[in-house]
Participant: 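After the structure tokens below, expect a handful of questions from me.
Note that these values count all heavy atoms, side chains included, but never hydrogens, waters or copies made by symmetry.
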Amino acid sequence: MLKCLRLVFVSSLCLQVWASAMAQDGVASKSSHLITPASPAAMRDLFRYDGEMLPIVSAHRGGSAKGYPENCIATFDHTLHSTFSMLEIDPRLTKDGEVVVHHDTTLERTTNGSGKLADKTLAELKQLRLKDSDGNVTDEVMPTLDEVIEWARGKTILVLDQKDVPLELRIRKIREHQAESYVMLIVGSLKDALACYRANPELMMEVMVPDHERIAALDASGIPWANVIAFVGHVPPTDKSLYQAIHDRGACCMIGTSRNLDKEFFSRLATSPSALETDYRELLQ
């Protein structure tokens, strides 16, 4: 299935196995694996489907691991030292209207704090320390979206989920940093996709495209397919013609792993880790 795709949305488990396979092949190094489109047009061209394989992972919440909290700049660095990767991150609004990067609405699971994030000011959140994937408290602090966008410049591509941050504010943050060449948006509906394109036609978007009806709706919307990465779902579509229809329009497909491949990973990692890494080496060929 993955060989017909160019993008894979992955969890931290999948990313760690991917990185291990790349390291055995001598691909990984101590230096970062950089993805640096020079302009918005260059990013659109990078994700234009041309029949060639382009295996880029999109690391869920930045690729957390033991010692590395999710949605954390130190973790983003660690991910890029391991493999080429886009970074999917989660912006949220603070009590005083700032935007931080954090997945949950509450603080207990991922920090040493408690309560709702939206009830805290930025200053209060900066006093907290983040937990890693095993629940251990680290020295890392919650970053702002501004800090992450500036950190990512010249390093990789960010994919901003929506959470409770309005579309207009996410678009404005990208414009303020002149980051259209390396920051894209996840949009929750065709209406939002059209609003995003009208507000800033330079922006790329990750759009849910689960069936041919959505393809037809996108065709009719006037949104160029060059601005779209088609997320086909967390479960691989049974209709394989969906991939071809998207590719025929020059767009890449993306698929999630959390509800399918990750389950296979847990099973195969326990029984045959070497075979699993062989699969990844074959995928990268």
Participant: Does some side-chain heavy atom of H102 sit less than 4.5 Å from a side-chain heavy atom of T111?
Facilitator: yes
Participant: Tell me, do L46 and I35 make a side-chain contact under 4.5 Å, heavy atoms counted?
Facilitator: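 Yes, close enough: below the 4.5 Å cut-off.
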Participant: Between L130 and E70, is any pair of side-chain heavy atoms under 4.5 Å apart?
Facilitator: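 In short, these two side chains do not touch, never coming nearer than 4.5 Å.
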Participant: Between V183, V165, V99, which is the residue that forms a side chain to side chain contact (heavy atoms under 4.5 Å, CB included) with R170?
Facilitator: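 So the option named by the test is V165.
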Participant: Closer than 3.5 angstrom, by distance alone: can the side chain of R61 be matched with the main-chain N or O of P69 as a donor-acceptor pair?
Facilitator: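 Not confirmed, R61 side chain does not pair with P69 backbone.
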Participant: Less than 4.5 Å apart, side chain to side chain, heavy atoms only: is that true for I89 and L160?
Facilitator: yes
Participant: Using a strict threshold of under 4.0 Å (side-chain N to carboxylate O), is an ion pair present between R214 and D211?
Facilitator: no
Participant: Please work out whether the ring planes of Y68 and H78 are parallel, tilted or perpendicular, with thresholds of 30° and 60°.
Facilitator: parallel
Participant: Can you check whether A245's main-chain N or O pairs, donor with acceptor, with R249's side chain at less than 3.5 Å?
Facilitator: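 Such a contact is found between R249 side chain and A245 backbone.
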Participant: Run the salt-bridge test on E176 and R172 with the 4.0 Å N-O cut-off and return the result as yes or no.
Facilitator: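 Judged by the 4.0 Å cut-off on N to carboxylate O distance, E176 and R172 do form a salt bridge.
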Participant: Parallel, tilted or perpendicular: which fits the ring planes of H33 and F84, with parallel below 30° and perpendicular above 60°?
Facilitator: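 Perpendicular: the ring planes of H33 and F84 meet at over 60°.
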Participant: Might you work through the side chain to side chain donor-acceptor pair (under 3.5 Å) test for T106 and D104, ending with a clear yes or no?
Facilitator: CA-CA 5 Å; T106 55; D104 295 3; 4.9 Å; no
Participant: Do E140 and T75 have side chains that approach each other closer than 4.5 Å (heavy atoms only, starting at C-beta)?
Facilitator: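 Of all side-chain heavy-atom pairs linking T75 with E140, none is under 4.5 Å.
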Participant: Donor-acceptor check, side chain of K120 to backbone of K126, threshold 3.5 angstrom: yes or no?
Facilitator: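 Pair absent, no side-chain N/O of K120 close to backbone of K126.
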Participant: Is a side-chain donor or acceptor of S64 paired with a backbone partner of S133 at a separation under 3.5 angstrom?
Facilitator: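 No, S64 side chain to S133 backbone: no donor-acceptor pair under 3.5 Å.
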Participant: Can you find a pair of side-chain heavy atoms, one from W151 and one from T156, that are under 4.5 Å apart?
Facilitator: yes
